[in-house]
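Everything numeric here is computed off the predicted structure, so don't read it as measured data. Every heavy atom of this structure was used, including side-chain atoms; hydrogens, water molecules and symmetry mates were not.
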Amino acid sequence: MIRVEKRPQPSRAISLATPVLAVLATMFFGGLLFVALGKDPVAAIRTIFYEPLFGQYAFYYRPQLLVKGAPLVLIAIGLSLGFKAGIWNIGAEGQYIMGALFGAGVGLAFYPYEAWFVFPLMVAAGAFGGWIWAMIPAFLKVRFGTNEILVSLMLVYVAEQFLASMSLGLMKNPEGFGFPGSRNLQQYESAFNADLIEGSGMHWGVVAALIAVIFAYVLLSKHRLGFAIRVTGEAPRAARFSGVNPVRLVLFCMGMSGLLAGLAGMFEVSGPAGQVTIDFNVGYGFTAIIVAFLGRLHPVGILLAGGLMALTYIGGDIAQSQLGLPAAAIQVFQGMLLFFLLALDMLTHYRLRFGTAEVV
């Protein structure tokens with residue numbers, strides 16, 4: 001008989017080892033998946049993790065690590081603040097979309113006027129778009145006690161409908177020959193989020209992600225609000241007795257996660273993506289949940305996890321083109337990472353007991 005028994009004290013050693021074990025388990029079982037698809041598992045794993053860093057065309061793929069990793073880190077940092085406090089914002093994908101729409105809307109409103117203040121206004125609008133979308137589930141939670149998981153998740157689908165509507169209607173390029181999608185912001189200098197160093201992949205979104213990591217680290221380790229976030233997540237009753245205001249905490253955590261997700265969307269639509277299209281959102285908001293937990297909800301850990309997840313994105317694209325792996329297999333491979341992380345994470349707080357069943 002196998003019993004699950006709660007540990008008196010969470011295992012710190014297992015907690016630190018869990019992300020590494022989850023990655024190794026993902027490689028092993030992902031390899032079995034590739035075998036089932038008739039592919040060489042060693043070649044597939046090597047392509048995903050080695051080629052973008054050290055392969056023949058690594059000079060091209062390395063900058064893409066920054067491009068892919070920046071939105072993941074930005075969104076995951078915001079989510080981690082809420083997750084640490086037990087506030088579950090699962091709708092970052094919708095906030096990412098709304099940030100892109102608000103930011104692109106400001107840029108397109110000024111087109112073709114060239115001025116230095118256009119891009120800063122887009123940044124502010126993108127942040128506001130993500131923030132206001134996150135405030136909907138936050139307000140409903142503090143006012144009516146609704147479940148923020150369900151409300152924030154359902155709002156993703158509402159945001160996707162807004163995205164489709166804007167691509168086909170208000171933001172549609174009048175010179176686009178009837179095709180859905182906005183003007184290309186990469187061709188509008190004042191609104192273009194260009195590389196700060198040519199060919200490096202280092203744009204303002206990457207800078208914002210690094211600033212967010214530093215901000216979150218200082219907040220959680222040095223500030224009273226960070227203490228309130230940690231205490232609320234670890235001991236809610238103690239937090240109430242210590243005077244933590246739960247309403248303010250919900251509004252702050254949800255608002256901050258929405259703001260950062262909105263910024264990620266704005267930097268993406270004004271840079272790598274370039275335009276508002278029906279399929280603009282590529283799942284960064286959901287993938288960032290994996291990044292947040294893989295990084296143990298720690299800012300530095302999230303930075304590293306974002307780089308790892310970006311590596312699987314780029315390596316997965318290479319594996320699709322070179323080895324013929326289907327896109328769905330790569331998505332399953334990424335999903336395995338979260339599955340094994342959560343499964344192994346149980347061992348941090350629980351231990352398995354083996355023995356015979358007692359006869360009553």
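- A donor-acceptor contact closer than 3.5 angstrom links the side chains of Asn193 and His203.
- Clustering of Ile, Leu, Val, Met, Phe, Trp and Tyr by side-chain heavy atoms under 4.5 Å joins Val218 with Ile214.
- Lys68 places no side-chain N or O within donor-acceptor distance of the main-chain N or O of Tyr313, the cut-off being under 3.5 Å.
- Here the side chains of Leu220 and Leu81 are in contact, with some heavy-atom distance below 4.5 Å.
- To the nearest 0.5 Å, the span separating OG on Ser165 from CG on Leu170 amounts to 8.0 Å.
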**Request:** Apply ring-ring contact (aromatic ring centres under 6.0 Å, His included) to Phe192 and Phe119, showing your working.
**Result:** CA-CA 8 Å; Phe192 179 30; Phe119 189 73; 9.1 Å; no
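- If you chain together hydrophobic residues whose side chains sit under 4.5 Å apart, Phe227 and Ile87 never meet in one group.
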**Working for side chain to side chain contact (heavy atoms under 4.5 Å, CB included), residues Phe162 and Leu101** = CA-CA 9 Å; Phe162 269 117; Leu101 290 178; 4.1 Å; yes
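- Of the possible donor and acceptor atoms, one in the side chain of Ser257 sits under 3.5 Å from a partner among the backbone N and O of Cys253.
- Minimum heavy-atom separation, Gly295 to Ala305: N-CB, 3.8 Å.
- Under the 3.5 Å distance criterion, the side-chain polar atoms of Gln186 are matched with a main-chain donor or acceptor of Gly271.
- The main-chain N or O of Gly283 is never found under 3.5 Å from a side-chain atom of Asn281 such that the two would form a donor-acceptor pair.
- To the nearest 0.5 angstrom, Leu303 atom CG is 12.0 Å from Leu308 atom CG.
- Interatomic distance, OG of Ser167 versus CG of Asn173, reported as 11.5 Å (0.5 Å rounding).
- Using a 4.5 Å cut-off on side-chain heavy atoms (C-beta onward), Met27 and Ile48 make no contact.
- There is a side-chain donor-acceptor pair under 3.5 Å between Asn89 and Gln95.
- One hydrophobic cluster holds both Ile314 and Met309 under the rule that ILVMFWY side chains link at heavy-atom gaps under 4.5 Å.
- Formation of a donor-acceptor pair under 3.5 Å by the Trp133 side chain with backbone atoms of Leu155 is found in this model.
- Judged by distance alone, with hydrogens and angles left aside, the side-chain atoms of Tyr188 form a donor-acceptor pair with the main-chain N or O of Tyr113 at under 3.5 Å.
- Counting only heavy atoms from C-beta outward, the side chains of Gln334 and Leu337 never approach each other to under 4.5 Å.
- Nearest approach of Met336 to Phe29, heavy atoms of both residues: CE-O, 3.8 Å.
- A donor-acceptor pair is defined here as one N or O able to donate and one able to accept, closer than 3.5 Å; no such pair exists between the side chain of Lys141 and the backbone of Val250.
- Annotation: Glu189, atom CD; neighbour count of heavy atoms from other residues, nucleotides and ligands within 6.0 Å does not exceed 12.
- Of all non-hydrogen atoms in Thr232 and Ala228, the two that sit nearest each other are OG1-O, 2.7 Å.
- Considering only heavy atoms from C-beta on, Leu53 comes within 4.5 Å of Leu65 through its side chain.
- The nearest pair of heavy atoms linking Leu72 to Ala310 is CD1-N, 4.2 Å.
- A 4.5 Å side-chain heavy-atom check between Met171 and Arg183 finds every atom pair outside the cut-off.
- In this model, no donor atom of one side chain and acceptor atom of the other lie less than 3.5 Å apart for Ser190 and Tyr111.
- To the nearest 0.5 Å, the span separating CD1 on Ile318 from CG on Leu325 amounts to 12.0 Å.
- Without hydrogens or angle criteria, Arg62 side chain to Pro52 main chain gives no donor-acceptor distance under 3.5 Å.
- Counting heavy-atom neighbours within 6.0 Å of Tyr57 OH, excluding the residue itself, gives a total of 12 or less.
- Taking a 6.0 Å sphere around CZ of Phe339, one finds it holds 12 or fewer heavy atoms contributed by other residues, nucleotides or ligands.
- Using a 4.5 Å heavy-atom threshold, the side chains of Ile290 and Leu341 count as separate.
- With hydrogens and angles ignored, the 3.5 Å screen pairs a side-chain donor or acceptor of Glu93 with a backbone N or O of Gly285.
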**Asked** Stepwise, does the side chain to side chain contact (heavy atoms under 4.5 Å, CB included) test hold for Ile302 with Val213?
**Response** CA-CA 8 Å; Ile302 288 171; Val213 169; 5.8 Å; no
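- A heavy-atom distance below 4.5 Å is found between the side chains of Ile229 and Phe252.
- The two residues Met135 and Leu251 have their closest heavy-atom pair at CE-O, 3.2 Å.
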**Message:** Run the side chain to side chain contact (heavy atoms under 4.5 Å, CB included) test on Leu225 and Leu249 for me, step by step, so that the C-alpha distance in whole Å, both residues' side-chain angles and the decisive distance to 0.1 Å come before the verdict.
**Reply:** CA-CA 8 Å; Leu225 180 58; Leu249 198 64; 4.0 Å; yes
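- The CE atom of Met98 sits 13.5 Å away from atom CH2 of Trp131, with the distance rounded to the nearest 0.5 Å.
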**Request:** Carefully, step by step, assess Leu79 and Ile75 under the rule side chain to side chain contact (heavy atoms under 4.5 Å, CB included).
**Result:** CA-CA 6 Å; Leu79 293 177; Ile75 300 171; 4.0 Å; yes
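- With hydrophobic clusters built from ILVMFWY side chains whose heavy atoms lie under 4.5 angstrom apart, Phe28 does not share a cluster with Leu21.
- Both Tyr157 and Met166 are assigned to one and the same hydrophobic cluster, defined by single-linkage of ILVMFWY side chains at heavy-atom distances under 4.5 Å.
- Without hydrogens or angle criteria, Gln275 side chain to Ser182 main chain gives a donor-acceptor distance under 3.5 Å.
- The structure places CD1 of Ile149 at 5.5 Å from CD1 of Ile90, a figure rounded to the nearest 0.5 Å.
- With ring centers used as reference points, Phe34 lies under 6.0 Å from Phe333.
- Taking the side chain as every heavy atom from C-beta outward, Met254 and Pro137 approach each other to under 4.5 Å.
- When all heavy atoms of Leu74 and Ala209 are compared, the pair lying nearest together is CG-CA, 3.9 Å.
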**Message:** With ring-ring contact (aromatic ring centres under 6.0 Å, His included) as the criterion, how do Tyr96 and Phe286 come out once you've worked through the C-alpha distance, each side chain's angles and the decisive distance to 0.1 Å?
**Reply:** CA-CA 10 Å; Tyr96 169 84; Phe286 294 120; over 10 Å; no
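- Two rings, from Phe83 and Trp88, have their centers less than 6.0 Å apart.
- Under the 4.5 Å side-chain heavy-atom criterion for grouping Ile, Leu, Val, Met, Phe, Trp and Tyr, Val156 is connected to Leu140 within one hydrophobic cluster.
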